[in-house]
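Here the structure comes first, spelled out in structure tokens, and everything after it is commentary.
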Protein chains: 2
Amino acid sequence: MTEQRTERRPTRQRAAIADALVGTAEFRSAQEIHAALAGRGERVGLATVYRNLQAMAGDGEVDVIRTADGEAVYRSCATDDHHHHVVCRSCGLAVEVTGDAVERWAEAVAAEHGFTAVRHTVEIDGLCADCAARR
Amino acid sequence: MTEQRTERRPTRQRAAIADALVGTAEFRSAQEIHAALAGRGERVGLATVYRNLQAMAGDGEVDVIRTADGEAVYRSCATDDHHHHVVCRSCGLAVEVTGDAVERWAEAVAAEHGFTAVRHTVEIDGLCADCAARR
DNA sequence: CCACGATTTGACAACGGTTCTCATCCTGAA
DNA sequence: TTCAGGATGAGAACCGTTGTCAAATCGTGG
């Protein structure tokens with residue numbers, strides 16, 4: 001179930017994209033990353049951003065989740081281990097959390113209904129302390 | 001936080017759409033519903049399907065979740081209460097489940113990081129017994 | 001240090017789902 | 001039955017994402 005790190009060639013573009021993700025606590029869309037790179041002077045094609053983001057996601061280097069309107073957003077994960085996120089609806093800040101309780105609950109509830117090969121999606125969203133104070 | 005039932009006028013189309021959803025345990029996309037209605041002889045515009053599905057979702061009459069590729073899929077919920085789903089990756093079959101444990105965990109974990117106005121998304125997917133047997 | 005085959009890139013077209021537009025149709029109320 | 005305004009439908013418009021393919025780039029072997 002764990003992804004295999006595919007053999008890939010290092011390029012300036014790939015590094016730039018990875019760089020844009022590192023050190024950011026927010027989930028960002030491919031378009032935002034593309035714009036950020038452009039604004040920074042890094043000339044990288046949009047298709048390249050998408051391709052690399054996909055590849056990184058496949059290798060488990062970054063996390064991908066979908067916003068409410070279906071857009072894919074990415075974030076570099078601090079850990080390779082299984083985890084979930086608490087995301088701020090206002091600023092996008094995300095913190096990683098783990099919870100054996102949920103994992104077990106999901107597994108149990110699925111089994112109870114005869115499901116196998118179970119996976120799950122758990123994302124929590126709210127207002128972070130800063131954004132809440134700023135109101 | 002609970003949705004207000006908006007005043008809406010009953011129409012043949014709206015009824016047909018609601019009808020296509022009732023009695024189906026699967027999550028279905030707007031396009032699938034549109035096609036199903038067309039195949040059944042019901043002439044309903046695609047835009048109308050989208051509009052009504054959105055309205056119903058806003059009123060909490062139907063559940064909406066996003067497939068892995070970002071497509072929105074709908075299902076009429078048996079209950080108005082808060083619940084989650086276990087969805088079959090193969091056939092789309094979905095069963096509704098509840099779990100206080102998760103709710104509490106989500107709330108606690110969010111609070112622990114200073115988040116407020118917390119909401120969460122929890123979906124479980126796997127292979128239902130039938131699909132698993134069919135392999 | 002250079003040539004070579006394989007990858008990767010980038011500009012742009014193509015796509016698929018969803019939303020918007022606006023003239024026309026219906027519905028409930030009078 | 002008439003009327004005003006909400007609802008519908010056909011198609012254009014949108015937008016995020018993926019596909020195309022020639023040109024640029026990379027690691028390697030010579």
Side-chain angles (χ1 to χ4, degrees), chain A residues 4-21 26-59 61-75 87 92 123, chain B residues 3-21 26-59 61-75 87 92:
Chain A
Q4 208 59 45
R5 175 132 325 188
T6 312
E7 190 53 50
R8 279 184 283 138
R9 195 156 63 186
T11 64
R12 172 182 64 77
Q13 294 81 338
R14 177 183 303 287
I17 295 170
D19 211 61
L21 241 20
E26 288 88 45
F27 271 94
R28 312 184 63 184
S29 70
Q31 312 253 7
E32 288 174 332
I33 293 173
H34 176 255
L37 291 177
R40 186 194 300 180
E42 292 274 6
R43 206 177 320 297
V44 181
L46 184 55
T48 302
V49 174
Y50 274 104
R51 268 188 303 246
N52 279 296
L53 248 17
Q54 270 181 185
M56 294 181 197
D59 287 357
E61 285 175 45
V62 298
D63 286 355
V64 202
I65 61 179
R66 295 261 170 196
T67 60
D69 58 312
E71 192 178 5
V73 285
Y74 307 79
R75 180 181 193 279
V87 186
E123 298 300 341
Chain B
E3 310 302 344
Q4 208 61 45
R5 175 131 326 188
T6 310
E7 189 51 50
R8 278 185 282 137
R9 198 153 60 186
T11 64
R12 172 181 65 78
Q13 294 82 338
R14 177 184 303 287
I17 296 171
D19 210 62
L21 241 18
E26 286 89 43
F27 271 95
R28 312 184 64 184
S29 69
Q31 313 253 5
E32 287 174 333
I33 293 173
H34 176 253
L37 292 177
R40 185 192 302 179
E42 291 275 6
R43 209 179 324 296
V44 181
L46 183 56
T48 301
V49 175
Y50 274 105
R51 267 188 303 245
N52 280 296
L53 248 17
Q54 270 181 187
M56 294 180 196
D59 287 354
E61 286 175 44
V62 300
D63 287 355
V64 202
I65 60 178
R66 295 264 169 191
T67 60
D69 57 314
E71 192 178 5
V73 285
Y74 307 79
R75 178 179 193 281
V87 186

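Chain letters run A, B, ... following the sequence lines, proteins first, then strands; residues in each count from 1.
Of the two residues near DNA chain C, A:Asn52 and B:Tyr50, the one whose nearest nucleotide lies more 5' is A:Asn52. Each of B:Arg9 and B:Leu46 was assigned the nucleotide of DNA chain D with the nearest heavy atom; the assignment lying further toward the 5' end belongs to B:Arg9. Remark on DNA chain C: of its neighbouring residues A:Ala47 and B:Arg66, the 5'-side contact belongs to A:Ala47, judged by nearest-heavy-atom nucleotide.
Taking side-chain N and O atoms only, B:Gln13 has a distance below 4.0 Å to OP1 or OP2 of D:dG9. Residue B:Gln54 places at least one side-chain N or O under 4.0 Å from the OP1 or OP2 atom of C:dT19. Phosphate contact (OP1/OP2 of C:dC26, side-chain N/O of B:Arg14, threshold under 4.0 Å): absent.
At whole-Å resolution of the value, CD in B:Glu71 and P in D:dT17 are 14 Å apart. Separating the CG atom of B:Leu37 from the P atom of D:dG9 is a distance of 10 Å, rounded to the nearest angstrom. Atom-to-atom, NE2 of A:His34 to P of D:dT18 comes out at 15 Å; the value is rounded to the nearest Å. Residue A:Asp69 contributes atom CG, which lies 12 Å from atom C1' of C:dT19 at whole-angstrom precision. For the pair B:Arg43 CZ and D:dA7 C1', the interatomic distance rounds to 17 Å; values are reported in whole Å. In this structure, A:Gln31 atom CD and D:dC14 atom C1' are separated by 12 Å, rounded to whole Å. Distance B:Arg8 CZ to C:dG28 P: 14 Å, rounded to the nearest Å. Between the CD1 atom of A:Ile17 and the C1' atom of C:dG10 there is a distance of 12 Å, given to the nearest Å.
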side-chain contact (heavy atoms from CB on, under 4.5 Å) between B:Glu61 and B:Leu21: does it pass, once the steps are laid out?
CA-CA 10 Å; B:Glu61 286 175 44; B:Leu21 241 18; over 6 Å; no

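The shortest non-hydrogen separation linking A:Arg14 to A:Met56 is O-CE, 3.9 Å. Taking each heavy atom of B:Phe27 and B:Val73 in turn, the nearest pair found is CD2-O, 3.6 Å. Annotation for B:Leu37 and B:Ala20: closest pair CD2-CB, 4.0 Å, computed over non-hydrogen atoms.
Over its length, the helix from C:dC1-D:dG30 to C:dA30-D:dT1 turns its helix axis by 30°, as judged from the five terminal pairs at each end, rounded to 10°.
No donor-acceptor distance shorter than 3.5 angstrom exists from the side chain of B:His34 to the backbone of B:Gly45, with no hydrogens or angles considered. Judged by distance alone, with hydrogens and angles left aside, the side-chain atoms of B:Asp19 form no donor-acceptor pair with the main-chain N or O of B:Ala15 at under 3.5 Å.
Between the side chain of A:Arg51 and the base of D:dG19 there is no donor-acceptor pair of N/O atoms closer than 3.5 Å.
Considering only the side chain of A:Thr48, C:dG10 comes nearest among C:dG10, C:dC20, D:dA7. Between C:dC12, D:dT17, C:dT18, one nucleotide has an atom nearer to the side chain of A:Ala72 than all others, and that is D:dT17. Nearest to the side-chain atoms of B:Pro10 among the listed nucleotides C:dG28, D:dG9, C:dT18 stands C:dG28. The listed nucleotides are D:dG9, D:dT8, C:dT8; the one nearest the side chain of A:Thr11 is C:dT8.
The shortest side-chain heavy-atom distance between B:Val87 and B:Ile65 falls under the 4.5 Å cut-off.
Within a 6.0 Å sphere centred on CZ of B:Arg40, heavy atoms belonging to other residues, nucleotides or ligands number more than 12.
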